[in-house]
Amino acid sequence: MKQAIQIKENMYWVGVHDFNCRHFHGDIFPIEEGTTYNAYLIVDEQITLIDTVEEEFFDIMMERIRSVIGDQPIHNVICQHAEPDHSGGFVKFMQAYPDAHPYASNAGVGIMLKQYFKDYDYRKVKTGDTLNIGKNTLTFVEMPLIHWPDNMLTYVAQQKIVFSNDAFGQHICSYDMFDDAHGLDKCLDRAKNYYANIVMPYGTQVANKLKQIKDMNLEIDMIAPAHGVIWRTYIEEMLAAYEDFATFKSKDKVVIVYESVWKHTQQMAEALAEGIGRNGVCVKVFKYSMTSPALVMKELIDAKAILVGSGCYNNVMAIDISGFLEKLKSCKIKGKKALGFGSYGWFNGVTKEINARLESAGFTLLTDDVLSQNYTPSEEDLDKLMDLGKQLAEKIKTM
């Protein structure tokens, strides 16, 4: 029988390890070692469940719950987020516990009704509303658009714990449920990866919510997210990192993303990288079709600039690069520089189009130069690109 894992007095993790998950949210977020869907049980005068799990894992969650409470009833279920990886088991849960009271934000109730159709007598809550369940009182804080309109967190003052749902999540799949078992570097790296690929478009909302939570002066010694490990040792470092993520705090770093068939654009990318990297600026170079999109987004979040290159294919850019530029636009990235480049044969229009789409995505161009190369770059052409890379490095160090 699956067992619950105790995280505090009368509080238990009753979630699921999905060791086989390699693509989170479809193909947009490849992950390495699986993930968890975290649900939490509070045993009090009113037994309360925080979130459910994906529908296919419902029976595992129930085994863990029953390992703690047996056949006792559950009085409340807190639906912090209606996305199916957190609410997929909700209908089966209500079938098992028909007298339980579900709580959700106003937006959450609307989405739950549209997903599961039946009205389960939802109790709508807003920021500052509370629910006393005995020794413990739950306080709700709405987090709209981090990353759906309905997100909220739940704070239990008596236990100094925050159930944060998607906020502060990461993909670490382990029975060692706490951050200190994995080390600061790994935890922050995985949190950065998660933020860059799930939360990044909502940086303004994240920054505002972090300030609001600080102003509430909550005592916190544990943050329990909906994915990954629970934060108890590295909370300060994680909150500081989130502030950096939300404000796109950058270092002297450039990300180069390109697509190339006959290696002409690749040669351009490598010459630019040589000029940048040999002059005091970190540079990361990715052929997009051979790279996890998640890795590119993680590297971009703290870079000062991105260079995007493509060859010309039937008078348009590579389809992978076109899709990448569309993704950049959706991420609402602020305060970063960019520049397009690429090779062509008989139609010289792709680089200008890349630059136009970078500007449309919110980037400021590093230079007015149009970096287009007709067919194979010569040694002289590559030397000029390396020299330009040096100039760009000097410019980036002053930004």
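The first residue of the sequence shown is numbered 1, and numbering continues consecutively from there.
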Query - Ser322 side-chain N/O to Ile319 backbone N/O, donor-acceptor pair under 3.5 Å - result: no

Requested in this report: Assert yes or no for the condition that the ring centre distance of Phe29 to His23 is strictly below 6.0 Å.
Outcome: no

**Report entry** Least distance between heavy atoms, Ser105 atom then Met152 atom
**Finding:** N-SD, 3.8 Å

Report summary line: Rounding to 0.5 Å, atoms NZ (Lys253) and NZ (Lys284) come to a distance of 6.0 Å

Query raised in the report: Just wondering, are more than 12 heavy atoms of other shown residues or ligands nearer than 6.0 Å to NZ in Lys390?
Result: no

Query raised in the report: Do Thr351 and Ser372 have side-chain N/O donor and acceptor atoms under 3.5 Å apart?
Result: yes

Query raised in the report: When you measure from the side chain of Glu45 to the backbone N and O of Gly134, does any donor-acceptor pair fall under 3.5 Å?
Result: no

Query raised in the report: How long is the gap from OH on Tyr195 to CG on Asn193, to the nearest 0.5 Å?
Result: 13.5 Å

Requested in this report: Please state whether the rings of Tyr175 and Phe19 are parallel, tilted or perpendicular, taking 30° and 60° as the class boundaries.
Outcome: tilted

Query raised in the report: If you measure only the distance, is there a donor-acceptor pair under 3.5 Å linking the side chains of Asp44 and His75?
Result: no

**Report entry** Ring centroid separation His171 to Tyr194 under 6.0 Å
**Finding:** yes

Query raised in the report: Around Glu32, counting heavy atoms of other residues, nucleotides and ligands shown, do more than 12 lie under 6.0 Å from its CD?
Result: no

Query raised in the report: Counting distance only, does the side-chain N/O of Asn106 pair as donor-acceptor with the main-chain N or O of Lys124 below 3.5 Å?
Result: no

Query - Separation of Lys192 NZ from Phe245 CZ (nearest 0.5 Å) - result: 6.5 Å

Requested in this report: Measure the CE-CD distance between Met222 and Gln159 for me, rounded to the nearest 0.5 Å.
Outcome: 9.0 Å

Requested in this report: Examine the side chains of Thr265 and Ser343 and answer whether a donor and an acceptor come within less than 3.5 Å of each other.
Outcome: yes

Query raised in the report: Just how far is it from atom CD1 of Ile78 to atom CG of Leu138, taken to the nearest 0.5 Å?
Result: 5.5 Å

Report task. Decide if atom CG of Asn20 counts as having more than 12 heavy atoms of other residues, nucleotides or ligands within a radius under 6.0 Å. Result -> no

**Report entry** Remaining members of hydrophobic cluster (4.5 Å side-chain criterion), Val283
**Finding:** Val254, Ile256, Tyr258, Met268, Leu272, Ile276, Val281, Val285, Leu307, Leu339, Phe341, Leu366, Leu371, Leu382, Leu385, Leu388, Leu392, Ile396, Met399

Query raised in the report: In this structure, are over 12 heavy atoms from other groups packed under 6.0 Å from Lys186 atom NZ?
Result: yes

**Report entry** Donor-acceptor under 3.5 Å (His227 side chain, Thr36 main chain)
**Finding:** yes

Query - Polar side-chain atom of Trp148 near backbone of Glu83 as donor-acceptor pair, under 3.5 Å - result: no

**Report entry** salt bridge (Lys or Arg N to Asp or Glu O under 4.0 Å) contacts touching residues 194-222 (sequence neighbours left out)
**Finding:** Lys8-Asp221, Lys160-Glu219, Lys211-Asp215, Lys214-Glu243

Query raised in the report: Is Lys263 atom NZ crowded by more than 12 heavy atoms from other residues, nucleotides or ligands, each under 6.0 Å away?
Result: no

Query raised in the report: With the threshold set at 4.0 Å, does a side-chain nitrogen-carboxylate oxygen contact exist between Lys329 and Glu326?
Result: no

Query raised in the report: Is a side-chain N or O of Tyr242 found less than 3.5 angstrom from the main chain of Val206, in a donor-acceptor match?
Result: no

Query raised in the report: Is a donor on one side and an acceptor on the other found under 3.5 Å between the side chain of His17 and the backbone of Ser174?
Result: yes

Query raised in the report: Is there a donor in the side chain of Asn355 and an acceptor in the side chain of Glu359, or the other way round, less than 3.5 Å apart?
Result: no

**Report entry** Check: Tyr116 side chain, Ser87 main-chain N or O, donor-acceptor pair, under 3.5 Å
**Finding:** yes

Report task. Mind listing the closest non-hydrogen atom pair of Val14 and Tyr40 along with its distance? Result -> CG2-N, 3.9 Å

Requested in this report: Measure from the side-chain N and O atoms of Lys336 to the backbone N and O of Ala303, and report whether any donor-acceptor pair falls under 3.5 Å.
Outcome: yes

Query raised in the report: Is a donor on one side and an acceptor on the other found under 3.5 Å between the side chain of Asp381 and the backbone of Ser378?
Result: yes

Query - Between Asn165 and Asp51: side-chain donor-acceptor atoms closer than 3.5 Å - result: yes

Requested in this report: Return the orientation label for the Tyr97 and Phe93 ring planes: parallel under 30°, perpendicular over 60°, tilted otherwise.
Outcome: tilted

Query raised in the report: Side chains of Ser289 and Glu259: do they bring a donor and an acceptor to under 3.5 Å?
Result: yes

Report task. State, to 0.1 Å, how close Glu299 and Phe286 come at their nearest heavy-atom pair, and which atoms those are. Result -> CG-CZ, 3.9 Å

